Amino acid sequence: QVQLVESGGGLVQAGGSLKLACTASGGTISDSAMGWFRQAPGQERDFVAAISPESFITRYADSVKGRFKISRDNAKKTVSLEMNSLKPEDTAVYYCAKRNTPALGNIGSQFRDWGRGTQVTVSL
């Protein structure tokens with residue numbers, strides 16, 4: 001089983017940027033779709049973005065489209081989420097997740113392996 005560790009979260013003012021990283025260990029991610037989800041206090045975990053194994057295909061939630069960019073480096077076993085023009089409603093714990101298939105997904109139950117999350121807080 002692959003272990004995923006997120007990093008890069010923090011406190012940022014509205015309009016600012018953050019770049020999250022997810023580092024995998026204990027296995028490969030090169031043949032798997034990867035994704036980012038987020039969960040705000042008292043809310044369900046929501047899909048943010050996903051990327052295919054060779055980075056040919058990406059998918060974004062409408063709420064982040066045009067502001068966030070997902071990327072990956074299979075050699076380094078990392079997946080990144082670049083977040084720009086951040087808004088207070090982006091405040092959440094952000095989770096990295098791995099599927100056991102190359103096919104993109106946007107539902108949490110489709111992803112098998114999860115990190116513990118990193119907190120992103122956007123202030124006014």
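Both backbone and side-chain heavy atoms feed into the values below; hydrogens, waters and symmetry mates do not. Predicted model only: the values in this text are computed from it and were never measured.
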4.5 Å side-chain heavy-atom contact, E82 and S71: no
Decide whether M34 and V2 are clustered together by the hydrophobic rule: side chain heavy atoms of Ile, Leu, Val, Met, Phe, Trp, Tyr closer than 4.5 Å, transitively. yes
Residues M83, L20; criterion side-chain contact (heavy atoms from CB on, under 4.5 Å); working and verdict: CA-CA 8 Å; M83 307 184 295; L20 306 183; 3.7 Å; yes
Joint cluster assignment, L81 & I51, ILVMFWY side-chain distance < 4.5 Å: yes
With sequence neighbours excluded, give me every disulfide (SG to SG under 2.5 Å) pair touching residues 19-124. C22-C96
Nearest 0.5 Å, please: how far is OG1 in T121 from CG in L11? 6.0 Å
Answer yes or no: are there more than 12 heavy-atom neighbours, outside K77 itself, under 6.0 Å from its atom NZ? yes
Are Q119 and T91 close enough, and set up right, to give a side-chain contact (heavy atoms from CB on, under 4.5 Å), and what steps lead you there? CA-CA 8 Å; Q119 176 71 47; T91 294; 4.0 Å; yes
Could you tell me which non-hydrogen atom of G26 sits nearest to which non-hydrogen atom of Q3, and how far apart they are? CA-OE1, 3.8 Å
Is any side-chain heavy atom of R38 less than 4.5 Å from a side-chain heavy atom of V64? yes
Separation between CG of N74 and CG of D31, rounded to the nearest 0.5 Å: 8.5 Å
Distance-minimising heavy-atom pair for L18 and G8: CD2-O, 3.8 Å
Would a distance-only check, ignoring hydrogens and angles, find a side-chain to backbone donor-acceptor pair under 3.5 Å from R99 to A33? no
Closest heavy-atom pair and its distance - P88, L124: CG-CD2, 3.4 Å
Passes side-chain contact (heavy atoms from CB on, under 4.5 Å), N100 versus D113? Steps please. CA-CA 9 Å; N100 280 353; D113 300 309; 4.3 Å; yes
Group every Ile, Leu, Val, Met, Phe, Trp and Tyr by side-chain heavy-atom contacts under 4.5 Å, then state whether F56 and L104 land in the same group. yes
Is the count of non-hydrogen atoms from other residues, nucleotides or ligands lying under 6.0 Å from Q13 atom CD greater than 12? no
For K65, is there an ion pair with D62 - N to carboxylate O distance below 4.0 angstrom? yes
How far apart are the closest heavy atoms of W114 and G108, and which atoms are they? CZ2-O, 3.3 Å
Please give me the minimum heavy-atom distance between R116 and E6, naming the atom from each residue. N-OE1, 3.1 Å
I need the single residue from Y60, Y95, Y94 that forms a side chain to side chain contact (heavy atoms under 4.5 Å, CB included) with V48. Which is it? Y94
Start with the C-alpha distance between R72 and I29, add both sets of side-chain angles, then the distance that settles side-chain contact (heavy atoms from CB on, under 4.5 Å), and finish with yes or no. CA-CA 10 Å; R72 65 191 293 165; I29 64 169; 3.8 Å; yes
Give me the atom names and distance for the closest heavy-atom approach of P53 to S30. CB-O, 3.2 Å
How long is the gap from CG on N84 to NZ on K19, to the nearest 0.5 Å? 10.0 Å
What distance separates N106 CG from F111 CZ, expressed to the nearest 0.5 Å? 7.5 Å
Looking at F68 versus W36, is the centre-to-centre ring distance below 6.0 Å? no
